[in-house]
Amino acid sequence: MERIKVKIINRSGHELPYYATPSAAGMDVRACLESPVTLAPLERALIPTGLRVQLPQGHELQLRPRSGLALKKGITLVNTPGTVDADYRGEIGVILINLSNEPFVINDGERICQMVVTSYTHVSWEKTDELDHTVRGDGGFGHTGVN
């Protein structure tokens, strides 16, 4: 497991995100709110975190739903995973949506998503008129399913 140092500014008043267990991939992120926000059914909102990061080149921070909130309350992220690029220096915001039939109240300090820091690669496109053949070929959605 690779370990990297990431600079972070925390203006939330809450503890820094941390790994809950030694094998956890993600860290919970908390809302940073002056007052509670109520999401009506099918409503979405940008929720501030009070966090700013400086990621090393070649890394991104992904924002992902918390499974418990998704299952129990129908709360998820609109753009999942959300990506924070290495050159972004603004406050991290989380676009939450309420997919349930009930209003959901987000309070200051509530765990609203998880973050995963991961490395990435850039590609150099090589134009061609033909791709190598595979057994799958161009089989798309559901092509391996059994009826």
Side-chain angles (χ1 to χ4, degrees), residues 1-100 104-128 130-132 134-145:
M1 172 176 17
E2 177 186 16
R3 290 200 179 268
I4 60 170
K5 288 195 181 281
V6 174
K7 291 182 178 181
I8 188 168
I9 296 172
N10 182 5
R11 295 195 174 123
S12 73
H14 307 295
E15 61 189 322
L16 289 175
Y18 63 91
Y19 297 102
T21 66
S23 294
M27 300 172 267
D28 287 342
V29 177
R30 297 177 182 275
C32 177
L33 299 169
E34 293 180 15
S35 59
V37 172
T38 300
L39 284 180
L42 299 179
E43 186 177 20
R44 63 187 178 273
L46 179 63
I47 305 299
T49 65
L51 303 175
R52 295 170 181 251
V53 297
Q54 180 178 322
L55 297 165
Q57 192 68 19
H59 289 79
E60 67 166 322
L61 188 151
Q62 294 181 356
L63 298 171
R64 302 177 180 180
R66 292 189 63 237
S67 58
L69 271 183
L71 177 64
K72 297 173 185 172
K73 301 293 184 178
I75 304 301
T76 191
L77 279 64
V78 175
N79 62 326
T80 184
T83 297
V84 177
D85 294 311
D87 56 355
Y88 178 67
R89 295 295 183 268
E91 180 179 3
I92 295 170
V94 180
I95 306 170
L96 290 182
I97 188 166
N98 180 357
L99 297 178
S100 78
F104 180 77
V105 178
I106 305 161
N107 294 296
D108 181 52
E110 185 155 359
R111 296 177 299 155
I112 56 172
C113 73
Q114 59 180 322
M115 66 168 57
V116 174
V117 176
T118 187
S119 60
Y120 61 86
T121 57
H122 278 181
V123 301
S124 296
W125 296 113
E126 180 182 340
K127 287 187 175 183
T128 186
E130 191 173 311
L131 301 175
D132 294 343
T134 66
V135 172
R136 178 177 182 169
D138 63 359
F141 300 96
H143 83 282
T144 60

Discussion item. Is it the case that atom CG in L131 sees more than 12 heavy atoms from other parts of the structure closer than 6.0 Å?
Written reply: no
Sidechain-backbone polar pair: Y88 side chain, E91 backbone, donor-acceptor under 3.5 Å | yes
Keeping the roles fixed (side chain from Q54, backbone from R89), state whether a donor-acceptor pair exists under 3.5 Å. no
CG (L51) and CD1 (I9) are apart, to the nearest 0.5 Å, by 10.0 Å
Pairs involving [range], ordered by first then second residue, that meet salt bridge (Lys or Arg N to Asp or Glu O under 4.0 Å) (sequence neighbours left out):
{"range": "residues 42-57", "answer": "none"}
{"range": "residues 56-76", "answer": "D28-R66"}
{"range": "residues 8-19", "answer": "E15-R30"}

Under the side-chain contact (heavy atoms from CB on, under 4.5 Å) test, which residues partner [X], sequence neighbours left out?
{"X": "V135", "answer": "none"}
{"X": "A31", "answer": "L33, I47, I106, I112"}
{"X": "N79", "answer": "I95"}
{"X": "A25", "answer": "none"}

Contacts of Y120 meeting ring-ring contact (aromatic ring centres under 6.0 Å, His included) (sequence neighbours excluded), chain-then-number -> H122
Going by side-chain hydrogen bond (donor to acceptor under 3.5 Å, both in side chains), name the residues that satisfy it together with [X], two or more places apart in sequence or in a different chain.
{"X": "T76", "result": "none"}
{"X": "S119", "result": "none"}
{"X": "N107", "result": "none"}
{"X": "H14", "result": "D108"}

